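Here is the structure we will look at.
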Amino acid sequence: MRQSTEGEASADAVSSAEETDAVLLFVGGPLDGRVEIREARHGDPLPTITHVHLHGGPKVVHRYDLQSLTDSAGVYHLRPRTQRDEDGCAD
């Protein structure tokens with residue numbers, strides 16, 4: 001959680017005291033094991049995250065879906081590939 005420092009506006013200190021940063025864990029795919037802290041000022045975590053890996057070949061796209069554990073913690077699980085994804089027709 002972000003703590004206010006001297007010199008910040010009192011309104012900012014009050015709002016940050018009421019907000020909680022989110023701890024997000026990633027399971028599966030290239031982001032497996034990653035832990036991110038999403039600051040409360042950025043709002044709620046997105047329900048789906050798309051990770052695109054660009055390299056010498058075609059781009060590789062992975063999608064992660066959020067499963068909330070608590071108000072301030074969640075796990076992004078790798079979305080299973082569909083037939084369309086395997087054919088290379090997906091974004």
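This structure is a prediction, so every number in the text was calculated from the model and none was measured.
The backbone N or O of Ala40 sits less than 3.5 Å from a side-chain atom of Asp21, completing a donor-acceptor pair. Between the side chain of Tyr64 and the backbone N or O of Leu31 there is at least one donor-acceptor pair closer than 3.5 Å.
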Before giving the answer on side chain to side chain contact (heavy atoms under 4.5 Å, CB included), spell out for Phe26 and Glu36 the whole-Å C-alpha distance, their side-chain angles and the decisive distance to 0.1 Å. CA-CA 8 Å; Phe26 288 81; Glu36 282 189 15; 3.9 Å; yes
Report the C-alpha separation of Leu66 and Leu46 in whole Å, then their side-chain angles, then the decisive distance to 0.1 Å, and conclude whether the side chain to side chain contact (heavy atoms under 4.5 Å, CB included) test is met. CA-CA 7 Å; Leu66 179 63; Leu46 299 172; over 6 Å; no
Chi angles and distances behind the side chain to side chain contact (heavy atoms under 4.5 Å, CB included) call for Leu54, Lys59: CA-CA 5 Å; Leu54 301 174; Lys59 68 180 178 180; 3.5 Å; yes
With side chain to side chain contact (heavy atoms under 4.5 Å, CB included) as the criterion, how do Val60 and His62 come out once you've worked through the C-alpha distance, each side chain's angles and the decisive distance to 0.1 Å? CA-CA 7 Å; Val60 179; His62 294 92; 3.3 Å; yes
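Between His53 and Pro30, every side-chain heavy-atom pair lies at or beyond the 4.5 Å cut-off.
Two different hydrophobic clusters hold Val23 and Tyr76 under the rule that ILVMFWY side chains link at heavy-atom gaps under 4.5 Å. In the hydrophobic clustering of this structure, Leu69 groups with Val35; members are Ile, Leu, Val, Met, Phe, Trp, Tyr whose side-chain heavy atoms approach within less than 4.5 Å, directly or through other members. The hydrophobic cluster containing Val27 does not contain Ile49, counting ILVMFWY residues as joined when their side-chain heavy atoms lie under 4.5 angstrom apart, directly or transitively.
For Asp32, the CG atom counts as densely surrounded, since its 6.0 Å shell holds more than 12 non-hydrogen atoms of other residues, nucleotides or ligands. In this structure, Asp44 places its CG atom where only 12 or fewer heavy-atom neighbours from other residues, nucleotides or ligands lie under 6.0 Å away.
Separating the OG1 atom in Thr20 from the CZ atom in Arg38 is a distance of 14.0 Å, to the nearest 0.5 Å. Taking CD1 of Ile37 as the reference point, atom CG of Leu24 lies at 7.5 Å (rounded to 0.5 Å).
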